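Notes to accompany the following structure.
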Amino acid sequence: MKTEQITVKKIIADEGMILTDGKTYGRVIFLGADRTADEFYEITQEEYEKSIEESGATEEINK
Amino acid sequence: MSIADKLTTIAENEKKVYEAGQKSEYDRFWDIYQNYGNRTECQGMFYGYGWKPETFKPKYSLKPTLAPSMFYMARLTGLDLVERFKELDLELSFEDCSNFNYTFSLCGISHIGVVDTRKASSLTYTFDQGYHDMVTIDKIILKDDGSQTFSNTFRYNYGLKEIRFDGIIGNDIDLRYSTALSLDSILSIIIALKPDATGKTLCLSKTAVNKAFETSEGANDGSTSQGWLGVISSKSNQYDGTWTISLL
């Protein structure tokens with residue numbers, strides 16, 4: 001019989017902020033084994049929305 | 001036959017003649033458009049505003065080998081594609097299809113059946129911009145090697161509730177917009193994540209996870225629950241769980 005301890009590491013953005021590493025975005029991020037919290041920084045909601053706009057979305061058609 | 005009798009017969013037959021004419025035109029169009037059932041290159045086949053639920057009535061089963069933009073920008077708002085093919089007693093099969101770029105992008109379809117993607121290397125914008133129309137994708141069958149990529153595959157699918165995966169997800173995948181994703185859907189996604197994938201990210205809606213895993217009705221606390229942590233811990237942990245899972 002063997003036992004293992006599994007640690008789930010999560011980082012949480014401050015209220016109104018979003019975490020990113022430049023590619024991934026999240027309000028809560030559960031880090032994989034090969035990632036560290038240092039790779040992520042916080043941006044504002046407005047900065048996040050701007051980055052989405054710049055990705056070139058098509059406007060929703062009014063239905 | 002008297003003239004009166006002939007006129008009566010003509011009147012009685014008018015509807016039959018009209019319907020026969022309509023059927024003839026329907027046959028003529030779809031025989032050519034689907035090449036008598038032999039058409040397999042379906043790129044842009046139902047592209048654009050002219051395709052609406054009332055006009056989407058193929059005559060033959062469809063088994064695309066190529067399906068880029070197959071339903072792109074169609075006005076099939078609210079169409080249950082599974083039900084429509086059942087009504088027509090036809091099949092829609094993607095098992096031979098190698099290109100799914102924009103296949104169901106911005107099409108309005110509410111229910112998509114089984115999409116076998118095993119002949120394709122990527123799902124680029126495949127279900128993009130489903131907005132509040134696309135609710136159910138019965139099953140996406142993926143390859144077993146986790147090699148397929150997902151680029152903007154599920155972007156802006158705010159209404160998506162049910163989705164299932166067979167096969168392996170081995171690259172970044174993003175369902176951040178699907179705030180109503182069900183518990184079974186989220187479980188299906190997590191189960192499909194390739195165990196030893198490195199540097200990969202799954203992005204989900206925090207709202208969806210909070211609801212799906214909530215500890216009691218209305219608590220909306222799922223993302224902090226033991227149930228959620230238990231589900232993801234085999235794929236995302238500091239020991240050998242290499243997936244990064246972000247909730248947005």
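Here is how names work: the chains are called A, B, and so on, in the same order as the sequence lines, proteins then strands, and each is numbered from 1. Note that the coordinates shown come from a computational prediction; the quantities given were computed from them, not determined experimentally.
Of all heavy-atom pairs between A:Val8 and B:Ile232, the closest is CG1-CD1, 4.3 Å. B:Gln238 approaches A:Gly32 most closely through the heavy-atom pair NE2-O, 3.4 Å. A pairwise comparison of heavy atoms in A:Ile29 and B:Ser246 identifies CG1-CB, 3.7 Å as the closest pair.
Side-chain atoms of B:Asp172 and A:Lys23, non-hydrogen and from C-beta on, do get closer than 4.5 Å to each other. Contact annotation: the side chain of A:Ile52 never approaches that of B:Arg155 to less than 4.5 Å [non-hydrogen atoms, C-beta and beyond].
With a 4.5 Å cut-off on non-hydrogen atoms, A:Leu31 touches chain B through its backbone and its side chain both. In this structure, chain B has a heavy atom under 4.5 Å from the side chain of A:Thr24, while its backbone stays farther away.
Summarising the geometry, atom OG1 belonging to B:Thr201 is positioned 7.0 Å from atom CG belonging to A:Asp21; distances are rounded to the nearest 0.5 Å. To the nearest 0.5 Å, atom CD of residue A:Glu39 and atom OG1 of residue B:Thr244 are 7.5 Å apart. Taking OG of B:Ser223 as the start and CZ of A:Arg27 as the end, the distance is 11.5 Å to the nearest 0.5 Å.
Around the CD atom of B:Glu87, the shell of radius 6.0 Å holds more than 12 heavy atoms that belong to other residues, nucleotides or ligands. Under a cut-off of 6.0 angstrom, the local environment of NZ in B:Lys139 is sparse, with at most 12 non-hydrogen atoms contributed by other residues, nucleotides or ligands. Environment of OH in B:Tyr239: sparse, with no more than 12 heavy atoms of neighbouring residues, nucleotides or ligands closer than 6.0 Å. For B:Glu54, the CD atom is densely surrounded, since the number of other residues' heavy atoms within 6.0 Å is greater than 12. Within 6.0 Å of the NZ atom in B:Lys161, the count of heavy atoms belonging to other residues, nucleotides or ligands does not exceed 12.
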